[in-house]
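Worksheet for the structure shown next.
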Amino acid sequence: MKELKKIALTGIKPTGDLHIGNYFGAIKPALRLATEYDARYFIADYHALNTVKDPKALATHVREVAAGWLAAGLNPEEVIFYRQSAVPETFELTTILMAFTSKGLMNRAHAYKAAVQENLQNQEDPDAGVNMGLFTYPVLMAADILLFNPDVVPVGKDQVQHVEMAQDIAQGLNFNYKDAVFKIPQAAVQEEVAVVPGLDGRKMSKSYGNVIPLFGPEKQLHKLIMRIVTNSQGVEEPKDPETSQIYLLYKLFASEAEQEALAKQYRNGGMGWGEAKEELFRVVNRELAPLRERFNAIMADRDALDAILAQGAAKARPLAEATLRRLRRTIGIIGNP
Ligand code: TRP
């Protein structure tokens, strides 16, 4: 008999190209977690609709992010990997949860508050540009989560509040029916194993425009690495590895022995920044070249990718249906199939 593992669930927002920061900060940790947990990872396409209104862009982002996770090593035989939109039970559960979510709770959500703050600063109406999708985002996210009764929800720090709101909503519902209808899920926050520095030295982030894309062509990768900002120390000068972005990035990709060797060259002097960048490019490309190849192959076969996601949805839906069947009975929506 298969041993019963705990369940991990997370959503992946398809809003742009994956970069090295996503790879070390989200993808790798989630894939590691999937070896210990029963993992359910999904593409949160209806979350993206709040901000992505161009149909081609949305469709492309969804395929790219799905292909990206597969290329990075997600095994769809082991992880239930699906699109949120292919599990319509999500949306029925959202409607039910709406009745258990106070508007005040949504008023306190960071993302909404930040949007209002920005509007006020620009002397606009506080709710300018805020759609109900953004305002009620935490309810949809609670439905994503509670539908599958996960034990843990791996997320970045910025999403912890949303998971806490899912806990609040679930507790309110459990309390009303005097029943443990929902398991209360815990956020599993990724400790920052390493901050991934961007091209300009700040944390790598799409909003800073300082990212290295995961699946860009080799030439682009080389060009970007050559563009990393350095100080003006000359070739002969000894250099401090720990304060160099090049070295910090190198540590993510190189073996212990390689790291030691490069650190030594830094300290000894006689190595210029250009040479260090070439060595960085070598190890980054060594790891990314096979990923890039797999990514391109997956993107080239649309039917195969769709089939993988459809197979994931086929596994997810019976689980979702079971949750809803139970819940409908609990709340008194009976007589439906
Ligand atoms: N809101 C998450 C993000 O922006 C994505 C997400 C949607 C999610 N639904 C989820 C994460 C459910 C965890 C669980 O990154």
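From a predicted model like this one, the values you see are computed outputs, not experimental measurements. One-based numbering, in listed order, for ligands and for the atoms of each. Sequence positions, counted from 1, serve as the residue numbers for this chain.
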_Can you name the atoms of ligand 1, numbered from 1 with element, that are less than 4.0 Å from a heavy atom of Y137?_
1 (N), 2 (C), 3 (C), 4 (O), 5 (C)

*Assign the ring pair F215 / F295 to parallel, tilted or perpendicular, where the plane angle (0 to 90°) is split at 30° and 60°.*
parallel

*Atom indices of ligand 1 within 4.0 angstrom of I145 heavy atoms, with elements*: 12 (C), 14 (C)

*How far is atom 9 (N) of ligand 1 from its nearest protein heavy atom, and which residue and atom is that?*
D144 OD2, 2.8 Å

_Using a 4.0 Å cutoff against the non-hydrogen atoms of K13, which atoms of ligand 1 qualify?_
4 (O)

*Tell me: protein heavy atom nearest atom 10 (C) of ligand 1, and distance?*
M141 CG, 3.5 Å

*Given that the side chain starts at C-beta and the backbone is N, CA, C, O, which of these parts of F42 lies under 4.0 Å from ligand 1, counting heavy atoms, or is it both or neither?*
side chain

_Applying side-chain hydrogen bond (donor to acceptor under 3.5 Å, both in side chains) to N131 and Y137, what does each step give before you reach the verdict?_
CA-CA 10 Å; N131 58 49; Y137 188 111; over 6 Å; no

*Which option out of P185, G11, A166, A48 puts a heavy atom nearest to atom 13 (C) of ligand 1?*
G11

*Decide yes or no for N210 and R202: does some side-chain heavy atom of the first lie under 4.5 Å from some side-chain heavy atom of the second?*
yes

_Under 6.0 Å between ring centres: does that hold for W273 and Y266?_
yes

*Going by heavy atoms in the side chains, are Q265 and E279 under 4.5 Å from each other?*
no

*Taking the side chain from N174 and the backbone from A180, do they hold a donor-acceptor pair closer than 3.5 Å?*
no

*Is it true that a side-chain atom of Q220 and a backbone atom of P213 form a donor plus acceptor pair closer than 3.5 Å?*
no

*Output yes when a side-chain donor or acceptor of T90 lies under 3.5 Å from a complementary backbone atom of D144, and no otherwise.*
no

*What part of V163, side chain from CB on, backbone N/CA/C/O, both or neither, has a heavy atom under 4.0 Å from ligand 1?*
neither

_If you measure every N or O of T10 against every N or O of ligand 1, does any of those distances drop under 3.5 Å?_
no

*Taking only heavy atoms of V153 into account, list the atoms of ligand 1 that are under 4.0 Å away from them.*
13 (C), 14 (C)

*Provide the number and element of each atom of ligand 1 under 4.0 Å from a heavy atom of A44.*
7 (C)

*Closest by any non-hydrogen atom to atom 2 (C) of ligand 1: pick that one out of H47, Q159, Q84.*
Q159

